Amino acid sequence: MYKPRIHVTVEPLEYYRRFLKENCRPDGRELGEFRTTTVNIGSISTADGSALVKLGNTTVICGVKAEFAVPPKDAPDKGYVVPNVDLPPLCSSRFRSGPPGEEAQVASQFIADVIENSQIIQKEDLCISSGKLAWVLYCDLICLDYDGNILDACTFALLAALKNVQLPEVCINEETALAEVNLKKKSYLNIRTHPVATSFAVFDDTLLMVDPTGEEEHLATGALTVVMDEEGRLCCLHKPGGSGLTGAKLQDCMSRAVTRHKEVKKLMDEVIKSMKPK
Amino acid sequence: MPGDHRRIRGPEESQPPQLYATDEDEAPAARDPVRLRPVYARAGLLTQAKGSAYLEAGDTKVLCAVSGPRQAEGGERGSGPAGAGGEAPAALRGRLVCEFRRAPFSGRRRRAPQGGSEERELALALQEALEPAVRLGRYPRAQLEVSALLLEDGGSALAAALTAAALALADAGVEMYDLVVGCGLGLTPGPAPIWLLDPTRLEEERAAAGLTVALMPVLNQVAGLLGSGEGGQIESWAEAVRLGLEGCQRLYPVLQQCLVRAARRRGAAAPP
C-alpha cells in the first residue's frame, strides 16, 4: 500500500518526481501557478508606511520610517533609501538570533539592487535642500513565517509599503536655517515604476517551477529570480549558481514574470482603491 | 550604521522629523482609569513555529513564537534530589530562553534592528515571569525558545508580550501549570496622581511611574512584577498591584476562548 507520509520523509525527491511526471506539485498547484497572495496595507500606525504580504504561508511585513539626514558628499541632491531584511528565529527554526546571517544579507542586497536598478523612487525627489537636508527612508522587512520564496514576498511588501508612505511637508526657514515640519499636511511618494519579482526553482537541472515552497527550495538544484517592471523591462536578474539554464528557458521565465506582474499590479491597485482615504 | 558591514549602509546619523514639528502633541484624552482596551488574540497562526500567538490590544501588536524542546546549550550539570511527580532533579531541569525584539518601525523613533540593553532587560523579565508557569522538570536537559516580536508599540508592550508568550507556549503543547496574563499600569503625573490601567503610548510617555504585573489566574499567584519611576508611597504601589491583578483576571476569559478556538481549528485541519 502506498504510504505518502512515509515516502515524503524517506525519499522526498522520489516523492516529488511522481508528481512532476503528471506536471503538478504535492500541494495541487501546476508548475506555473503561484500560491494565494494577500496584501494588507497601512496596519502599523507608528510607521510612515507599512504592508503585510502573504504568499501562501510565507509572510513578510515591511515598515518604512522616514528621517532627516545630511545628503552624501558625492551626491548632494539625493536622499537615501536603506533596505534591511530580517530573518528572525521566529520565522523558521533554521535561523538563530544575532547578527544577520548569509541568507538575510543576500536578501537585503537583492532588495537594494532592485531599488537601485528599477528607480522605483528618484533619489532626487527625497532631497529637501541640496547639500543640507534630505529624507532617508529606512525600509525594514521582517519575515514572520518562512515557507520559501522570500524574495518575491519582500519585493511586493516593499512596493506596497512605499506606496503607502506619506511624508509631511517640510520647508526651510530662511532666518533660522532650521527645518519646519508640518505633520498635518502629508503627501504620498512619487513611485515611478512598480517592480515585481518572480522566483523559480530548477529541479533535476531541467524542470522549472514557479513560487517554490520551503521544501521545494530545499530539494531544488538551482534557483532564479526575475524582476520586471510594468513596461516589460527587466530590472534585475538574480541567479545564485546552481544548474545552468538554456536561453529558451530563460525567455519562458521572463514571459511568466510579465504575466505575474499584471496579476500583482491588479491586486495592489484593488487594495489601494479599497482603502478609505485618511 | 558605521562598522556594521552585514547591513546596507545608510547615513551616519539621522533625526526624526518630529523634532522639528511646529505643533505640539495632543494630550491624552481623559478616560475611565480601569478600562481595558479591547483585545484580539489568535493562537496557532505561524506554520514554521511549534506554537505561536498574536495579540493586539488597542494599537499594541505583538507576535510570539515558541520552538523546541531542543538540546540545551551549555555543559552538563550535576544531579540533585529528584522533584515530585517524576520530574528531573533540579540541576537537570529544562531552560526557558526568551528573546524580546522590537521591530525598527514599532515606535516613534526608528530603532536599530539589533536591539540594546532595554530589550535584554525585558527578555529577562519575560523569562522570570514565564518560568513559574512552565513544568520545566518535564524537559530535562532541553531548552524551549520563546521569541516575542513587537510590531507596534501602543503602550503596555511588556504586558502584551507576556500574554502572547504564554498563549504561544500553550499552543505549542508545552506542559504548564497555568497561563500567565500580563497587565500594564501607568501613574499620571501632577499633583493628584492616579494609576491608569493599560496605558496607551501617549499616557505611558507622560507617566511618572510604570508597572507591569504578571498573574497566573487560576492559581491566583503573581508570576512577575516589573516597575520603575516615582510612585510615591508604598500604599500607592500596593493599590497599583491590586488594580493590575484585577485587570489580569478580567482578561483571562478572552485568552481561554482564543485557545479553545485554536484547538478546534487544529482538530478540524488534522487528517482523518
Side-chain angles (χ1 to χ4, degrees), chain A residues 5 43-50 56-59 61-72 80-84 86 88-94 97-101 104-105 108-109 111-112 134-136 138 140 142 144-147 167-168 170 178-184 214, chain B residues 1 4-23 25 45-50 52 54 56 59-61 63-68 70 97 99 101 103-115 123 145-149 151-154 168 201 271:
Chain A
R5 280 194 186 281
S43 43
I44 309 279
S45 56
T46 47
D48 294 300
S50 60
N57 286 332
T58 301
T59 311
I61 186 165
C62 176
V64 180
K65 288 285 275 178
E67 296 203 337
F68 288 144
V70 176
Y80 298 85
V81 180
V82 183
N84 181 41
D86 201 1
L90 65 76
C91 71
S92 168
S93 47
R94 63 166 105 162
S97 58
Q105 291 179 55
S108 294
Q109 190 54 51
I111 299 287
W135 284 110
V136 49
Y138 290 107
D140 293 290
I142 305 183
L144 302 176
D145 201 349
Y146 189 103
D147 194 15
L167 293 180
V170 190
L178 281 177
E180 267 166 24
V181 173
N182 185 356
L183 288 172
K184 300 263 180 345
Chain B
M1 40 230 63
D4 190 352
H5 60 278
R6 288 190 229 238
R7 295 183 207 266
I8 309 282
R9 298 272 310 256
E12 295 276 313
E13 43 172 61
S14 53
Q15 294 86 33
Q18 281 80 15
L19 283 180
Y20 302 92
T22 43
D23 35 68
D25 243 341
L45 62 160
L46 295 182
T47 56
Q48 304 295 313
K50 186 114 186 284
S52 56
Y54 173 73
E56 217 177 278
D59 275 339
T60 305
K61 300 176 173 71
L63 181 64
C64 190
V66 166
S67 66
R70 199 174 283 177
V97 176
E99 189 200 23
R101 182 198 274 254
F105 43 81
S106 59
R108 240 191 239 271
R109 257 218 90 153
R110 180 192 186 246
R111 291 163 164 274
Q114 52 260 38
E145 283 152 16
V146 178
S147 6
L149 174 66
L151 293 169
E152 188 181 341
D153 188 355
R201 183 164 46 94

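Protein chains get the first letters and strands the later ones, always in sequence-line order, with residue 1 at the start of each. Owing to the predicted nature of the structure, the values given are computational and were not obtained by experimental measurement.
Looking at heavy atoms from C-beta onward, B:R7 lies in side-chain contact with A:P100 at the 4.5 angstrom threshold. Within the 4.5 Å cutoff, side-chain heavy atoms of A:P89 are placed close to those of B:E99. B:D59 has its side chain within reach of A:S45: a pair of non-hydrogen atoms, C-beta onward, lies under 4.5 Å apart. Counting heavy atoms from C-beta on, the side chains of B:L45 and A:T59 never come closer than 4.5 Å. With a 4.5 Å cut-off on side-chain heavy atoms, A:C91 and B:L46 do not count as touching.
The CD1 atom of A:I142 lies 5.0 Å from the CG atom of B:L149; values are rounded to the nearest 0.5 Å. In this structure, B:L151 CG and A:L144 CG are separated by 6.0 Å, a value rounded to the nearest 0.5 Å. Once rounded to the nearest 0.5 Å, the distance linking CD1 of A:I61 with CD of B:E152 reads 9.0 Å.
Across A:V82, A:D145, A:V170, the residue that shares the most heavy-atom pairs under 4.5 angstrom with chain B is A:D145. Interface remark: of the candidates B:A148, B:A65, B:S106, B:S106 forms the most heavy-atom pairs closer than 4.5 Å to chain A. Of all the listed residues (B:G107, B:G68, B:A49), the one sharing the greatest number of non-hydrogen pairs under 4.5 Å with chain A is B:G107.
With a 4.5 Å cut-off on non-hydrogen atoms, A:P71 does not touch chain B at all. With a threshold of 4.5 angstrom between heavy atoms, B:R101 approaches chain A through side-chain atoms but not through N, CA, C or O. If you measure heavy-atom distances from B:S67 to chain A, you find no contacts under 4.5 Å at all. Of the atoms belonging to A:D86, it is side-chain heavy atoms, and not backbone ones, that fall under 4.5 Å from chain B. Looking at A:A134, neither its backbone nor its side chain comes within 4.5 Å of chain B, counting heavy atoms on both sides. Heavy atoms closer than 4.5 Å to chain B are found in the side chain of A:Y80, but not in its backbone. Residue A:I44 touches chain B through both its backbone and its side chain, counting heavy-atom pairs closer than 4.5 Å. Proximity to chain B involves both the backbone and the side chain of A:P83, based on heavy atoms less than 4.5 angstrom apart.
Test B:R110, B:R109, B:R108 against A:E67 for salt bridge (Lys or Arg N to Asp or Glu O under 4.0 Å) and you get one pass: B:R109.
Nearest heavy atoms, A:K65 versus B:P104: CG-O, 4.4 Å. Nearest heavy-atom pair across A:P99 and B:R6 is CB-NE, 3.7 Å. Of all the heavy atoms in A:S108 and B:I8, the pair that sits closest is O-CD1, 3.8 Å. Pairing each heavy atom of A:V181 with each of B:P17, the nearest pair is CG2-O, 3.7 Å.
In the model, A:Y138 has a side-chain atom that pairs as donor or acceptor with a side-chain atom of B:S14 under 3.5 Å.
The environment of CD in B:E13 is sparse: at most 12 heavy-atom neighbours from other residues, nucleotides or ligands sit within 6.0 Å.
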